[in-house]
There are 2 protein chains.
Amino acid sequence: MNLNKYTSHDRILVAVDCIIFGFDGQQLKALLIKRGFEPEKGRWSLMGGFVNQDESTDDAAIRVLHQLTGMDNIYMEQLYCFSDVDRDSAGRVLSIAYFALINIENYNVQLEQDHEARWFPLDKMPALIFDHNQMVEKARERLKLKVSNHPIGFELLPDRFTLPQLQNLYEAIYEEALDKRNFTRKILSLGILNKQNEKEKESSRKGAFYYVFDKNKYKKLDREGVKFI
Amino acid sequence: MNLNKYTSHDRILVAVDCIIFGFDGQQLKALLIKRGFEPEKGRWSLMGGFVNQDESTDDAAIRVLHQLTGMDNIYMEQLYCFSDVDRDSAGRVLSIAYFALINIENYNVQLEQDHEARWFPLDKMPALIFDHNQMVEKARERLKLKVSNHPIGFELLPDRFTLPQLQNLYEAIYEEALDKRNFTRKILSLGILNKQNEKEKESSRKGAFYYVFDKNKYKKLDREGVKFI
DNA sequence: CCAAAAGTGTTTCTATTACACCCATGT
DNA sequence: ACATGGGTGTAATAGAAACACTTTTGG
């Protein structure tokens, strides 16, 4: 690669860090790892890695996410570039943060053990290394914004789910209670949900009907954007 | 600075590029320069520069913007990190794009000549180097989003301005016509505008009253966010 | 039979849209 | 006197918010 035109300029270490969101039916959580190398070894951290000369930051983020979850084709979005000179205590490292939404059920528990990873509810985040708490906070705000214009359930929920679960998800993201009747009416009016005959019976005696997304309608709304909830 | 922990990783050239928006009372424009060095010397380009080892990308963007406009304390926001491996024809350069909103009247025309800079209406953008057209497009979308939740007139308009000018600004950003009566009612209801006694007489016989922003109320709305237009 | 969560409609209020004429002035 | 752009109000519609009781069923 021909770099001769720019050789007089500084080169900088560039990392990616991933905020991985998951939802267990009740709580919105983020996946954290115990950092396996110095500096700050043994402290809670986002999953991250360095960007190689021959890959885009998107590719680096996909690679890093695959390492931790074993998953591909994950919903992921670039969040922000964190660049304070002193953000990493061991040297100048610029970090591009990404946030990912994953279906907590599909994810590879073996890898969780290898990396000493753990899901933390967002309201019980431990102190993280560097500026990672700030990254999580920013990802959370972005998710809130995202959700108000795009459907996101597909990414975070299992194939079938109940309306109370979906409402829990929205309440977790918005950090506020929603009216059950208004929520049901609104979400059903979008025409992206198909009611199933079976009920989920774990969380109540009566049981709640399962729903699945109508994939095509869902994608259409995602492309076009909607005023959501 | 101690970088020994990370020495086995690639270091990358990092640049910032600035999309500088201005509004002349009629049209929304972006400031472009004729690139002064190879590669692509002489072609239209965003103003940019490399990020030094000892500065944040924010600082680099502020520095670059100052070089071109002579202005400080400019409204600026990080837009996105563009990182395709081949985006720069002369080598691997990652670019963090920023967009800036400036008051076109305050800006230093001398510097415009030094850099062979020119304002281009957004609907008459020339072909730009690398991925710069894509950056402009993304900035434009982001501005649209921003405007729907935050006041931005302060940054783009001169100290006093007329309601028709303000409406032109919103129409330029949204790329759609707005109803004059609805616009006026809505914007005045926010309570951030103070009517002046003088009129602007250039663009009509009758003349349009000048308004100024109530700085405190404006800032409050900016902090809290509003459903805008 | 009771505790616990699911399911279901109506009314009120607020915000958005659509729409047309008179006013002030310079030429 | 007329051409040009500035300024102003009301009615209709749609969307959001508030609100409480009945149903199901496992224990």
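Reminder, nothing fancy here: chain letters follow the sequence lines and each chain counts from 1.
What separates CZ of F183(B) from P of dA18(C) is a distance of 17 Å, to the nearest Å. The distance from atom CD of Q26(A) to atom C1' of dA5(C) is 12 Å, rounded to the nearest whole Å. Atom pair F209(B):CZ and dG5(D):P shows a separation of 19 Å (rounding to whole Å applied). When the P atom of dG6(D) is taken as reference, atom NZ of K195(B) falls 13 Å away, rounded to whole Å. Atom pair E202(A):CD and dT24(D):C1' shows a separation of 18 Å (rounding to whole Å applied). At whole-Å resolution of the value, OH in Y210(A) and C1' in dG7(C) are 17 Å apart. What separates CG of L188(A) from P of dG7(C) is a distance of 10 Å, to the nearest Å. One interatomic measurement links the two molecules: OH of Y211(B) to P of dG6(D), which rounds to 12 Å at whole-angstrom precision.
Looking at K206(A), its side chain comes within 3.5 Å of the base of dA6(C) through a donor and an acceptor atom.
Heavy atoms from other residues, nucleotides or ligands lying under 6.0 Å from NZ of K199(A) number more than 12. Surrounding CG of D159(A) are at most 12 heavy atoms belonging to other residues, nucleotides or ligands under 6.0 Å away.
Ranked by how close their nearest DNA chain C nucleotide is to the 5' end, L163(A) and K186(B) are led by L163(A). Each of R181(B) and R205(B) was matched to the nucleotide of DNA chain C holding its nearest heavy atom; the match closer to the 5' end belongs to R181(B). Toward the 5' end of DNA chain D, the nearer of the two residues D179(A) and N182(B), judged by each one's closest nucleotide, is N182(B).
K180(A) comes within 4.0 angstrom of a base, heavy atoms only. The residue T162(B) sits apart from the nucleic acid: no heavy atom pair falls under 4.0 Å.
Of the candidates dA16(D), dG6(D), dT17(C), dA16(D) carries the atom nearest the K227(A) side chain, counting heavy atoms from C-beta on. When distances are taken from the side chain of K201(A) to each of dG9(D), dA5(C), dT25(D), the shortest belongs to dT25(D).
Between F154(A) and F213(A), the two ring planes are tilted [angle within 30° to 60°].
We find that E40(B) and R43(B) are joined by a salt bridge, their nearest charged nitrogen and carboxylate oxygen being less than 4.0 Å apart. A salt bridge does not link R160(B) with E200(B): every distance from a Lys NZ or Arg NE/NH1/NH2 to an Asp or Glu carboxylate oxygen is 4.0 Å or more.
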